[in-house]
Amino acid sequence: LKIEIIGSPAVWTEELDDGSPLVAEADRIEYDLASQQVTLTDNARVRKSSDELAADSILYDLKTQQLEAGGSGDEPVLFYYTPPADEPENP
């Protein structure tokens, strides 16, 4: 069974194992129940805390909580990461 959500943007949220929220949005979201994977396409973004991943398409595996992003043409894959306050920054 597959569920397809289309919007401007369509939004999908999940509570991760550590209790933090993951918010995903895209123009098209497809949830495949059998494989436990969510595919975000067209203006895809995933946010967790202050970290954000943006790409033309993002595949999210619900079982492993891992993301795989891809771009097309001139669209880059962007990842914004904010290190925790107690993590030293590289000079």
Side-chain angles (χ1 to χ4, degrees):
L1 178 64
K2 290 185 181 182
I3 298 170
E4 184 176 36
I5 305 166
I6 297 173
S8 294
V11 179
W12 177 78
T13 61
E14 178 186 17
E15 184 176 316
L16 300 175
D17 290 343
D18 66 4
S20 64
L22 179 121
V23 179
E25 60 183 50
D27 292 346
R28 182 171 170 250
I29 300 174
E30 186 176 288
Y31 175 33
D32 186 328
L33 289 153
S35 68
Q36 290 291 292
Q37 293 184 332
V38 176
T39 304
L40 306 138
T41 52
D42 299 325
N43 301 311
R45 292 187 177 279
V46 175
R47 287 186 306 278
K48 179 182 180 255
S49 301
S50 59
D51 301 333
E52 183 174 346
L53 177 64
D56 185 55
S57 66
I58 300 172
L59 175 67
Y60 177 61
D61 189 311
L62 294 164
K63 292 180 281 189
T64 63
Q65 296 185 343
Q66 293 197 1
L67 298 163
E68 182 178 318
S72 66
D74 294 333
E75 295 296 319
V77 174
L78 303 172
F79 179 65
Y80 304 98
Y81 172 72
T82 304
D86 61 343
E87 186 175 307
E89 294 185 29
N90 291 333

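Everything quoted here is computed from the prediction, not taken from an experiment.
- Among all heavy-atom pairs drawn from P9 and D27, the shortest one is CA-OD1, 4.4 Å.
- Taken from CD in Q37 to CD in E30, the straight-line distance is 10.5 Å, to the nearest 0.5 Å.
- A donor-acceptor pair is defined here as one N or O able to donate and one able to accept, closer than 3.5 Å; no such pair exists between the side chain of Q65 and the backbone of L62.
- To the nearest 0.5 Å, the span separating CD1 on I3 from CH2 on W12 amounts to 11.0 Å.
- Cluster membership for Y31 and L16, using ILVMFWY side-chain heavy atoms within less than 4.5 angstrom, is shared.
- A continuous path of ILVMFWY side-chain contacts below 4.5 Å connects Y81 to L53, so both sit in one hydrophobic cluster.
- The minimum heavy-atom distance between A55 and A69, with the atom names listed, is CB-CB, 3.9 Å.
- Once rounded to the nearest 0.5 Å, the distance linking CG of D42 with CG of D56 reads 6.0 Å.
- Closest of all the heavy-atom pairs between T39 and L59 is OG1-CD1, 3.5 Å.
- Under the side chain to side chain contact (heavy atoms under 4.5 Å, CB included) rule, R28 has a single partner from T41, I5, L40, which is T41.
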Taking it one step at a time, do E68 and Y60 satisfy side-chain contact (heavy atoms from CB on, under 4.5 Å)?
CA-CA 7 Å; E68 182 178 318; Y60 177 61; over 6 Å; no
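- The pair K2-E4 does not count as a salt bridge, with every side-chain nitrogen at least 4.0 angstrom from each carboxylate oxygen.
- Counting heavy atoms from C-beta outward, D18 and K48 have side chains that approach closer than 4.5 Å.
- Residue V23 is not grouped with residue I29 when hydrophobic side chains (ILVMFWY) are merged at heavy-atom distances under 4.5 angstrom, including chains of intermediate members.
- Hydrophobic clustering (ILVMFWY, side-chain heavy atoms < 4.5 Å, transitive): L22 and Y80 are in distinct clusters.
- Both V38 and V77 are members of a single hydrophobic cluster when ILVMFWY side chains are connected at heavy-atom separations under 4.5 Å.
- Counting non-hydrogen atoms of neighbouring residues, nucleotides and ligands closer than 6.0 angstrom, the CZ atom of R47 exceeds 12 such neighbours.
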